[in-house]
Amino acid sequence: MRVSPPLPLRDGDRVRLEEMAGAPGDGTPARRARIVLLAASGLPNTVIAERTATSVPTVRLWRGRYRAGGLAALADQERTGRPRTVSDVEIVLRTLRSRCSSRLLASELDLSPASVLEVWRRYGLRPWLEKPLTFATTPRLDARIVEFAGLYLEPPHRAVALRLSIDDAVHVVCTGRTPEIEAWAPGAHFHLSPPDVSWDDLVEIFRSTANQKETFRSDPSPPAFADRLGFLLKHAYLRHVEESAAALTPLGIDGRELALLALFGGPEPLSQMEAAGQLGVDPTTMVTLVDALEEKGFLQRRRSTHDRRRNIVTLTDTGRATLAKGERTRKDVERRFLDPLGKQDTARLIGALQTLVELP
């Protein structure tokens, strides 16, 4: 298979592209910047498409546009044809109320299916999923949403009006309770999200249930699943995750954060983008994780002494101490988790798993 050569970046563009790629949310400019950065790293187009949730033709499109016109070519071009007259709000609400296909919704709103799909991607909508939606507010509001009654998008605050299965009242999730929002939803029950939450964060309620995590089942497995590899691997993983989380909680971190501390505490300094590439995670997700660890005092960002255009992430003294304690805790959890197997079977299991995932 022919792999496209690394995309050469123009002088000074890397810093700007990393800023665009690290912007909150998963908007179009951030995705285009990530495509260009991943192309510059030499990854195949198929891998770039998978990591950015796009298609190979889309990757080729933005590679070509950047090569021809640089950063300016990543901006939206003026579109021809009839402008769209239906707002994003109407598309979002109609989608969440009906959960119909993009073609059916497009025909009802006199739009093209591509316009509907564009809005779905922008807000992370997945109407084909049947799971209930939950989200975190103060006071807690986790009942099933049965109707999205409206969106309030006037700065400086944002709000979503909902009808829930627990009662007939309207519930409003908002970043601030102002007279304007109260007038917009008179008589509603108000639930405040954090005041500095972005609109991208607020519309997380449109996504699949991030707060509803699978947990390990301690009761006997169904006889039909007793020899199914997928079932056994999944529940072994869930049990290990739960035991690790309980052990790491006193340190103020979870397993994913411990892994990041170990990665940034390695011998070679890494930038956020480099770390995201090594772990195969979205750069925007990496920014969020690093922000959280920096707020806890475990990580710090600083300019590279070798390349002033490059920001690297390093551990603080507190971070190094937490990493040392976390690694001791991790090893202890793993030892207790594998104790029933004995040393010989433990070594065989680890060797077999390394073979399956093709680790050296």
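Predicted model, so just to flag it, every value in this text is computed and none were measured.
Remark: Arg320 pairs with Asp317 by the salt bridge (charged side-chain N to carboxylate O under 4.0 Å, His left out) rule, at least two apart or across chains. Applying the side chain to side chain contact (heavy atoms under 4.5 Å, CB included) criterion to Leu349, with sequence neighbours excluded, gives Leu338, Leu341, Leu353. For Glu327, the side-chain hydrogen bond (donor to acceptor under 3.5 Å, both in side chains) test picks out Arg330, with sequence neighbours left out. By the side chain to side chain contact (heavy atoms under 4.5 Å, CB included) test, Ser107 is found to be paired with Leu104, residues two or more places apart in sequence or in another chain being considered. Legend: residues meeting ring pair (Phe, Tyr, Trp, His ring centres under 6.0 Å) with Tyr237, ordered by chain and number and at least two apart, are absent.
Ionic pairing of Arg239 and Glu242 is not present here: no N-O contact between side-chain nitrogen and carboxylate oxygen is shorter than 4.0 angstrom. Salt bridge status for Glu243 with Arg336: absent, with no side-chain N to carboxylate O gap under 4.0 Å.
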Worked check of side chain to side chain contact (heavy atoms under 4.5 Å, CB included) between Glu334 and His240: CA-CA 8 Å; Glu334 290 180 357; His240 180 260; 3.7 Å; yes
Asp13 and Tyr66: CA distance, side-chain angles, deciding distance, side chain to side chain contact (heavy atoms under 4.5 Å, CB included) verdict: CA-CA 11 Å; Asp13 279 2; Tyr66 176 81; 2.6 Å; yes
Side chain to side chain contact (heavy atoms under 4.5 Å, CB included) between Val241 and Arg256, intermediate numbers included: CA-CA 10 Å; Val241 166; Arg256 182 167 59 173; over 6 Å; no
Criterion side chain to side chain contact (heavy atoms under 4.5 Å, CB included) on Thr346 and Lys343, from CA distance to verdict: CA-CA 5 Å; Thr346 293; Lys343 290 184 178 180; 5.6 Å; no
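Between Arg63 and Ile48, the closest side-chain pair of non-hydrogen atoms falls below 4.5 Å. At least one side-chain heavy atom of Arg301 sits less than 4.5 Å from a side-chain heavy atom of Gln272. Looking at Leu260 and Leu299, their side chains never come closer than 4.5 Å, going by heavy atoms from C-beta outward. Taking the side chain as every heavy atom from C-beta outward, Val36 and Leu9 approach each other to under 4.5 Å. Taking the side chain as every heavy atom from C-beta outward, Trp184 and Val172 approach each other to under 4.5 Å.
The two residues Leu315 and Gly265 come nearest to each other via the heavy atoms CD1-N, 3.4 Å. Phe264 and Ser271 make their closest contact through CE2-O, 4.1 Å (heavy atoms, listed as atom of the first residue, atom of the second, distance). Taking both residues in full, the closest heavy atoms of Asp332 and Arg335 are given as OD1-NH2, 2.6 Å, listed atom of the first, atom of the second, then distance. When every heavy atom of Glu294 is checked against every heavy atom of Gln300, the shortest pair comes out as OE2-CA, 4.1 Å. For the pair Pro6 and Ala40, the tightest heavy-atom approach, listed with the atom from each and the gap, is CB-O, 3.5 Å. Shortest non-hydrogen contact noted between Ala247 and Val333 is CB-CG2, 3.5 Å.
For the atom pair CG of Leu17 and CG of Leu71, the computed distance is 5.0 Å after rounding to the nearest 0.5 Å. Residue Leu251 holds its CG atom at 8.0 Å from CZ of Phe298, rounded to the nearest 0.5 Å. Going from atom OG1 of Thr58 over to atom CZ of Arg32 covers 10.0 Å, rounded to the nearest 0.5 Å. The CG atom of Leu7 sits 10.0 Å away from the CG atom of Asn45 when rounded to the nearest 0.5 Å. Remark: Arg65 CZ to Leu74 CG distance equals 9.0 Å, nearest 0.5 Å. From Arg103, atom CZ reaches atom CG of Leu117 across 8.5 Å, with rounding to the nearest 0.5 Å.
Side-chain atoms of Lys296 come within 3.5 Å of backbone atoms of Gly252 as a donor-acceptor pair (strictly under, hydrogens ignored). Although no hydrogens or angles enter the test, the distance criterion places a donor-acceptor pair under 3.5 Å between the side chain of Ser41 and the main chain of Leu38. Arg328 places no side-chain N or O within donor-acceptor distance of the main-chain N or O of Leu323, the cut-off being under 3.5 Å. Under the 3.5 Å distance criterion, the side-chain polar atoms of Thr316 are matched with a main-chain donor or acceptor of Gly297.
Neither Leu61 nor Val56 shares a network with the other; the hydrophobic side chains, linked directly or stepwise wherever heavy atoms of I, L, V, M, F, W or Y lie under 4.5 Å apart, form separate groups for each. Taking hydrophobic clusters as Ile, Leu, Val, Met, Phe, Trp and Tyr residues chained together by side-chain heavy-atom distances below 4.5 Å, Val290 does not share a cluster with Ile312.
Contacts classified as ring-ring contact (aromatic ring centres under 6.0 Å, His included) and involving residues 29-49 (residues at least two apart or in different chains) are not found.
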